[in-house]
Novice: 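This is the structure I have questions about; it appears just below.
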Amino acid sequence: MATQIRPQPGILDIALYQGGQSQIEGQAEPLKLSSNENPFGPSPAAVAAMQGALTQAHRYPSTDHAALRAAIAEVYDLDADRIICGVGSDEIIHFLCQAYAGPGDEVLYTTHGFGMYRISALAAGATPVVAPERERMVDVDALLAMATDKTRLVFIANPANPTATLIPMADLARLAEGLPKVCLLILDGAYAEFTEGYDGGKSLVETRENVVMTRTFSKAYGLGGLRVGYGYAPKEIVDVLNRVRGPFNLSGIALAGAEAAVRDTDWVAECIRVNAEERARLTGGLRQLGIGCDDSHANFVLARFADEAEAVAVDAYLKAQGIIVRHPRSYGMPQCLRITVGRPEDNSRVLDALRSFKGAA
Ligand SMILES: *Cc1c(COP(=O)(O)O)cnc(C)c1O
């Protein structure tokens with residue numbers, strides 16, 4: 001007898017998220033440049049704080065995350081009452097969809113938008129809608145043209161993943177201003193730290209009612225494995241999101257690690273400085289080899305090859321050298337490879353491998 005137990009509409013349309021590969025058969029210690037992780041790891045102060053928190057693992061953690069929110073507010077000059085912390089910024093994206101979009105509603109993002117926007121929209125029963133980009137850039141006019149009276153949420157990552165491109169603040173403001181009044185704009189700032197002089201959208205959150213910024217400890221702070229992110233939003237929206245948040249969503253260890261990480265401003269500043277230097281070297285090296293590459297505003301570069309076949313060949317060649325990068329097929333960019341900026345010696349290895357591939361080709 002066929003089962004009558006069925007999930008909610010939309011759930012079976014979800015394709016599982018594909019993370020960056022981390023292993024190569026027969027290679028004990030591959031160089032992993034596939035998930036935009038900080039190659040220097042977490043701040044030593046964060047590691048020490050997490051070790052200290054281990055002995056308190058029998059205690060339930062804080063439910064209001066007051067200490068972490070205060071630390072974030074202090075370091076980034078934010079209002080702690082407008083911060084909500086989640087299990088990665090993924091969870092904030094999830095809360096937003098759960099709270100603001102449902103069956104019959106549309107969730108809008110762009111062609112190469114982050115995979116979690118679609119997954120969370122479908123999980124909420126809403127309809128994902130994709131607007132085109134222009135030359136690998138978020139196109140504000142296309143988004144405005146596609147926003148309807150059904151659109152509830154618009155997600156854009158700035159800088160974007162996997163393209164690493166950035167749109168100017170004036171465009172973000174124009175988008176926020178032009179969207180229907182019932183629609184919330186989410187500025188995903190997973191890579192905001194890597195763009196000098198960009199506040200991730202903080203100023204828009206503080207001056208408007210319809211903008212939310214998400215941030216994460218997974219990238220610049222080197223804590224992807226810890227799972228901590230946050231949202232910055234008008235107070236009324238934070239109050240709504242807190243209703244769907246589990247009271248103990250973040251462990252005491254995660255709270256301690258993230259708080260120490262955000263307070264260790266020298267560590268993250270040094271990681272960002274080296275990233276900028278190495279990103280420029282990697283971009284220049286690719287271009288010298290005749291490989292297309294937009295200016296990156298993040299901690300990765302998107303290398304464009306002649307076609308999918310060449311990207312696949314380069315991917316295989318790098319793997320044979322023990323180097324794992326990301327083939328962003330699922331993002332509709334089969335002719336590209338996304339390469340996380342590593343330590344200086346890692347990036348030299350990548351460029352050497354590409355040079356020998358090109359020499360052999
Ligand atoms: C990595 C990434 C995130 C971060 O997800 P976490 O859940 O915070 O680890 C969010 N958005 C984009 C575009 C990303 O690339």
Side-chain angles (χ1 to χ4, degrees), residues 17-22 32-39 42 46 65 68 72 83-98 107 109-121 123 128 130 133 136-138 153-167 172 185-195 198 200-201 212-232 241 245-246 249-251 254-255 257-258 261-262 268 275 296-302 325-326 328 330-333 336 338-341:
Y17 182 84
Q18 306 277 327
Q21 193 182 334
S22 59
K32 188 185 178 216
L33 300 174
S34 56
S35 295
N36 301 341
E37 296 152 341
N38 182 334
H65 310 148
L68 175 57
I72 294 167
I83 298 174
I84 175 169
C85 301
V87 178
S89 46
D90 283 359
E91 197 183 27
I92 307 297
I93 295 168
H94 203 74
F95 293 157
L96 284 160
C97 288
Q98 191 185 349
V107 173
Y109 49 88
T110 66
T111 321
H112 308 300
F114 184 49
M116 288 311 297
Y117 308 153
R118 177 182 168 83
I119 290 176
S120 292
V130 180
E133 295 183 4
R136 299 171 299 282
M137 299 269 284
V138 167
L153 299 170
V154 177
F155 284 98
I156 63 171
N158 202 44
N161 172 22
T163 55
T165 57
L166 182 84
I167 63 168
L172 299 178
L185 171 64
I186 295 96
L187 301 177
D188 179 337
Y191 303 98
E193 292 88 351
F194 298 110
T195 304
Y198 174 55
V212 176
M213 165 177 83
T214 62
R215 302 290 288 262
T216 184
F217 285 89
S218 300
K219 306 287 160 55
Y221 288 96
L223 289 169
L226 195 63
R227 312 306 303 131
V228 186
Y230 61 95
Y232 191 54
L241 300 183
R245 179 177 66 80
N249 61 329
L250 291 181
S251 72
L255 289 166
V262 78
V268 76
N275 176 75
S296 165
H297 298 270
N299 65 340
F300 57 90
V301 298
L302 186 69
V325 299
R326 181 78 184 263
S330 64
Y331 286 92
M333 308 196 105
C336 297
R338 193 192 68 187
I339 308 169
T340 303
V341 178

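Count residues from 1 along the sequence. Just so you know, these numbers come straight off a predicted model, no measurement behind them. One-based numbering, in listed order, for ligands and for the atoms of each.
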Novice: Can you tell me if G229 has a non-hydrogen atom under 4.0 Å from ligand 1?
Specialist: no

Novice: Answer with yes or no whether the side chains of N161 and R338 bring together a donor and an acceptor at under 3.5 Å.
Specialist: yes

Novice: Number the atoms of ligand 1 from 1 as they appear, then name those within less than 4.0 Å of a heavy atom of R227, with their elements.
Specialist: 6 (P), 7 (O), 9 (O)

Novice: Should the proximity of K219 to ligand 1, defined as any heavy atom under 4.0 Å, be assigned to the side chain, the backbone, both, or neither?
Specialist: side chain

Novice: Taking 4.0 Å as the limit for heavy-atom contacts, which would you say applies to F217 with ligand 1: side chain only, backbone only, both, or neither?
Specialist: neither

Novice: Any idea which protein heavy atom is nearest atom 4 (C) of ligand 1, and the distance to it?
Specialist: S89 OG, 3.4 Å

Novice: Distance under 4.0 Å to a non-hydrogen atom of Y191: what atoms of ligand 1 satisfy this?
Specialist: 1 (C), 14 (C), 15 (O)

Novice: If I take atom CZ from residue F300 and atom OH from residue Y191, how far apart are they, to the nearest 0.5 angstrom?
Specialist: 5.0 Å

Novice: Roughly how far, to the nearest 0.5 Å, is the OG1 atom of T214 from the OH atom of Y230?
Specialist: 9.5 Å

Novice: Please round to the nearest 0.5 Å and tell me the distance separating atom NZ of K219 and atom CG of N38.
Specialist: 11.5 Å

Novice: Looking at ligand 1, would D188 count as a contact under a 4.0 Å heavy-atom criterion?
Specialist: yes

Novice: With V228, which of L255, L250, L223 fulfils side chain to side chain contact (heavy atoms under 4.5 Å, CB included)?
Specialist: L250

Novice: Between Y117 and ligand 1, does any nitrogen or oxygen pair lie at a separation below 3.5 Å?
Specialist: no

Novice: Which atoms of ligand 1 have any heavy atom of N161 under 4.0 Å away?
Specialist: 13 (C), 14 (C), 15 (O)

Novice: Is the backbone N or O of G229 less than 3.5 Å from a side-chain atom of S89, with the two atoms forming a donor-acceptor pair by type?
Specialist: no

Novice: Could you list which atoms of ligand 1 come closer than 4.0 Å to a heavy atom of A190?
Specialist: 2 (C), 3 (C), 10 (C), 11 (N), 12 (C), 14 (C)

Novice: Where's the contact between S218 and ligand 1, heavy-atom distance under 4.0 Å: side chain, backbone, both or neither?
Specialist: side chain

Novice: Hey, could you give me the CD1/OG1 distance between I93 and T216, rounded to the nearest 0.5 Å?
Specialist: 9.0 Å

Novice: Can you label the angle between the Y221 ring and the F217 ring as parallel, tilted or perpendicular, going by 30° and 60°?
Specialist: tilted

Novice: Does any donor atom in the side chain of E133 or T110 lie under 3.5 Å from an acceptor atom in the other side chain?
Specialist: yes

Novice: What are the atoms of ligand 1, with element, lying closer than 4.0 Å to any heavy atom of G88?
Specialist: 6 (P), 7 (O), 8 (O)

Novice: Quick one: which ligand 1 atoms are inside 4.0 Å of a heavy atom on T216?
Specialist: 6 (P), 8 (O), 9 (O)

